[in-house]
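Please read the structure below before turning to the comments.
This is a predicted model, so every value here is computed, not measured. Naming: A, B, ... by sequence-line order, numbering from 1 per chain.
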Amino acid sequence: MNRGLRMPLAMLAAPLAFFVAFFLAPLAVVILASLSDTANAWTLEQYVRVLADRYHWEVILVTFRIACLTTLVSLLLGYPLAWYLTRMVRWRAWRRVCVILLVVPMFTSNIVRSFGWMVLLGRKGLLNQTLLDGGLIDRPLRLLGTETGILIGMVYVLLPFMVLAIGNALSRLDASHELASADLGAPPRATFFHVILPLTLPGVISGCIMVFTLAVSAYVTPALLSGGRISVLSMLIFQQYSSVFDFHYGGALSVVLLIFTLVMVGFAGRIGRTRGDA
Amino acid sequence: MPALLNIEAVSKRFGAFTALRDIHLHIGQREFVALLGPSGCGKTTLLRTIAGFSHPDSGRLLMDGQDIGPLPPYRRPLNTVFQNYALFPHMTVQENVAYGPRRQGASRREAGERAREALTLVGLEDLGERYPREMSGGQQQRVALARAIVNRPKLLLLDEPLSALDLKLRKRMQLELKHLQEKLGIAFVFVTHDQEEAMTMADRIVVMNAGRIEQVGSATEIYSTPASRFVAEFIGDANLVDYRVDAQGRARLALPVADLTLPAPDASDGVAVLRPEHLRLVDAGEPGQLRAQVRDIVTVGSHTLLHVETDDGMRLVARTPGLPEAHLGVGSRVALGFDPARLHLIGTPR
Ligand SMILES: Nc1ncnc2c1ncn2[C@@H]1O[C@H](COP(=O)(O)OP(=O)(O)OP(=O)(O)O)[C@@H](O)[C@H]1O
Ligand SMILES: [Mg+2]
């Protein structure tokens, strides 16, 4: 072997082994299980079970609807928030406080935060109480156990990822491009849509991909806020692995989730490449 | 002809620091004005103020008689070539240049047409489909220029547009820019800290220092009759000689030459400027000469700089054309002569 190659290969060996052991091996186990039955014979029966059943399609639809809406709402809230943090906050200490407020929840347990939302969203929860007291509604809204409730919880959990991704793109933007745009006669709105948005699109796309993949595979938040009334794919998968112990069927469900997710992410990535390549 | 742009009493402070103090400047139609000054003297700040990116604390900006102070940058009838070009990386060259007309309401077709025209003017008609990152620095510079002139502004602001180019390309672009400016009839305000660049290109040069305008004039004027000690030292090499004004109102120079007096510009003492090329080697014994010892010889090729020290310790520089004569060396004794009419006396700064 070429001596010059030995060093780099040796250095690559450890991370490569780590990747194989902790990422590829479990995935292979899941895929192999999904392609066999309880007698360990090769079969596609698990996939037929998953895809031939209308109930599964409904769950897939709910799962992706919640994930897409979470991504959309996070984007619509996250862009202005990132804008505020990177552009409008003049006082550096206040910006730091905002970033800490944004990041600290990410260090606390998801379960704790989701329980918090259960308290806030309940029939007699803080949200309903406030709306009732304010006279905005006259009957408490049913939020717990609805997709809206799950959506609220998910956006809360995942919004920071979006804000950080977009904020990073915004803060790296070269200010002279905006000056040039204004100089050429573009009012602020036009500058935003023709210059700032396209130039931050890579950040937007990566934020969306992150939020979407986390939302589509989220378990704790939907499980706690569904009140047992709504099922998403991750909950079905968890059931199969933890209580039914059908690893073959659970594996097939996981692979279906993975493939659907990869297709969506692939699409988003393509948009990012053709439009935001700069 | 009325001025295109009147800058009246413009001042700008950043906290306790004054970046512009009481700037008065008039820029004529089709005029090429260079802003020249050391780093940090406020050139960019003045340009940003004209463009509307920076707001003066006091003073007015009139363009064709109209007060443009309240107008945001996108409503001001002028364009800017940025120092780093600021080309939009996500657009092709053609789209970059068409951006201006599009934002001004031109149809896609018309904007494309005008962009091609502007690109032809700068010699890039074949590269419209490229992205800025696929072009050399010189080509990007031309794109920035095309993008800035496509709207046919009456005034173009350029902030050190050539500073990123190598010397040869820079010389070529200086001439091209000058020709383009004459051809289009657009007034240019051109920031540079390269005096040679300012002198080759500009009709008028504005010398700035520490937020103030020191002098405005043609290249010849600021070189031969500098208005302040700063200008004399900043533009070219200068020998500065102190003088005192005597009772008869004559300036008596601190040079070891007998009976050298000149009419003083005003009553107070000051400095006189003697350019190195006006000091020449003479034969010992001629009247009105300085005796000195050579301290250093710097040969530039087309001319030679002799650094000398006079017998009473004054350091002077003389410039002689061509290579130094063979017998001259460090330590040689020389005699220097000059025409007193070449001395320029700087009066008290107003
Ligand atoms: N936004 C700002 N805040 C504080 N000080 C500033 C700001 N902009 C400029 N200055 C200060 O004003 C002074 C003039 O700056 P300016 O950029 O106009 O200099 P310049 O003449 O263009 O210099 P250079 O040749 O280096 O580009 C500098 O001392 C600079 O530090
Ligand atoms: Mg500058």
Side-chain angles (χ1 to χ4, degrees), chain A residues 75 79 82-83 86-94 165-209 267-278, chain B residues 44 47-54 71-92 95-106 111 114-115 118 131-134 140 143-153 155-161:
Chain A
L75 176 60
Y79 209 112
W83 184 274
T86 53
R87 294 304 179 91
M88 294 165 73
V89 177
R90 285 272 152 268
W91 192 30
R92 212 175 282 162
W94 172 237
I166 296 174
N168 180 40
L170 274 174
S171 63
R172 284 187 308 151
L173 208 60
D174 185 347
S176 69
H177 292 133
E178 287 160 64
L179 298 187
S181 174
D183 185 74
L184 292 165
R189 232 180 97 90
T191 295
F192 178 78
F193 284 107
H194 291 286
V195 175
I196 299 174
L197 189 57
L199 287 180
T200 49
L201 204 58
V204 170
I205 300 274
S206 67
C208 284
I209 289 178
F267 262 123
R270 170 150 307 191
I271 298 172
R273 247 199 312 288
T274 54
R275 294 273 328 277
D277 188 27
Chain B
T44 298
L47 217 62
R48 286 171 54 87
T49 307
I50 301 173
F53 300 130
S54 166
L71 297 182
Y74 55 91
R75 291 244 170 75
R76 297 195 182 190
L78 48 86
N79 286 107
T80 306
V81 175
F82 293 85
Q83 182 168 5
N84 63 355
Y85 313 143
L87 298 174
F88 304 128
H90 60 298
M91 297 182 194
T92 62
E95 286 166 345
N96 260 283
V97 181
Y99 189 83
R102 281 294 279 160
R103 300 286 87 74
Q104 307 263 341
R114 283 170 53 189
Y131 282 89
R133 65 173 172 279
E134 301 165 345
Q140 293 185 20
V143 177
L145 195 61
R147 189 178 67 172
I149 58 172
V150 70
N151 281 343
R152 288 298 163 100
L155 177 61
L156 196 65
L157 309 175
L158 305 99
D159 193 354
E160 305 201 30

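The nearest pair of heavy atoms linking His90(B) to Leu199(A) is ND1-CD2, 3.3 Å. For the pair Ser181(A) and Tyr99(B), the tightest heavy-atom approach, listed with the atom from each and the gap, is OG-OH, 2.7 Å. Closest approach of Tyr74(B) and Ala186(A) over heavy atoms only: CB-O, 3.5 Å. Between Gly185(A) and Gln104(B), the shortest heavy-atom distance links the atoms CA-NE2, 3.8 Å. The two residues Ala86(B) and Ala180(A) come nearest to each other via the heavy atoms O-CB, 3.9 Å.
Leu87(B) touches chain A through its backbone: at least one of N, CA, C or O sits under 4.5 Å from a heavy atom, while the side chain does not. Interface residue Asp183(A): backbone and side-chain heavy atoms are both found under 4.5 Å from chain B.
Atom CZ of Arg152(B) has 12 or fewer neighbouring heavy atoms from other residues, nucleotides or ligands inside a 6.0 Å radius.
Qualifying side chain to side chain contact (heavy atoms under 4.5 Å, CB included) partners for Arg48(B), counting only residues two or more places apart in sequence or in other chains: Leu179(A), Thr44(B), Phe53(B), Ser54(B). With sequence neighbours left out, Tyr79(A) forms a ring pair (Phe, Tyr, Trp, His ring centres under 6.0 Å) with Phe192(A). Qualifying side chain to side chain contact (heavy atoms under 4.5 Å, CB included) partners for Glu95(B), counting only residues two or more places apart in sequence or in other chains: Met91(B), Thr92(B).
Counted by atom type alone, His194(A) and Arg102(B) present zero donor-acceptor pairs between their side chains at under 3.5 Å.
Annotation: side chain of Pro89(B) is in contact with side chain of His177(A) (closest heavy-atom distance under 4.5 Å).
Interface with chain A: from residues 75-85 of chain B, residues Leu78(B), Asn79(B), Thr80(B), Phe82(B), Asn84(B) qualify, criterion being any non-hydrogen pair under 4.5 Å.
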